[in-house]
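No hydrogens, no waters, no symmetry mates; every other heavy atom, side chains included, goes into these values.
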Amino acid sequence: TCEAKYIASTFCAQEIIFVEQLMDEISPIEGIATMYGDNNGAIFISKHSHVGPRTKHINVRYHFIRQLIDEGRLEYKKIKSDDNA
């Protein structure tokens, strides 16, 4: 479902930030991390703070991905399911 993909995307974003901080200690890096997903609903929820009947039950802690996108630390782009490996 869209909600499950959104929650999984949040966990992925947390891992991206962890690896980014680790790499930054070794050698400073520049740029914005990009994450790809194949679920339009999850991408929409992560980019918009719209709360509807299907999204109001999602725990606040999973909205961490929105903060990263709003701060410009992460991009979340669409990829075809066939290309998502």
Please tabulate, for the side chains in residues 11-33, all donor-acceptor contacts under 3.5 angstrom to protein atoms that are two or more places apart in sequence or on a different chain.
residue : atom : partner : partner atom : Å
Asp24   : OD1  : Ile29   : N            : 3.4

- [ ] Any pair with a residue in residues 32-43 that passes side-chain hydrogen bond (donor to acceptor under 3.5 Å, both in side chains), sequence neighbours left out, goes on the list, sorted by first then second residue, please.
- [x] Lys5-Asp38, Thr34-Glu75, Asp38-Ser81
Open item on the list: Once side chain to side chain donor-acceptor pair (under 3.5 Å) is applied, do any residues pair with Ser9, and if so which ones, sequence neighbours excluded?
Closed with: Tyr76
Open item on the list: In the structure I gave you, are the side-chain heavy atoms of Met35 and Ile65 within less than 4.5 Å of one another anywhere?
Closed with: yes
Open item on the list: Can you tell me how far apart CZ (Arg66) and CG (Asp70) are? Round to the nearest 0.5 Å.
Closed with: 8.5 Å
Open item on the list: What I'd like to find out is whether the side chain of Ile43 reaches to under 4.5 Å of the side chain of Tyr6, using heavy atoms alone.
Closed with: no
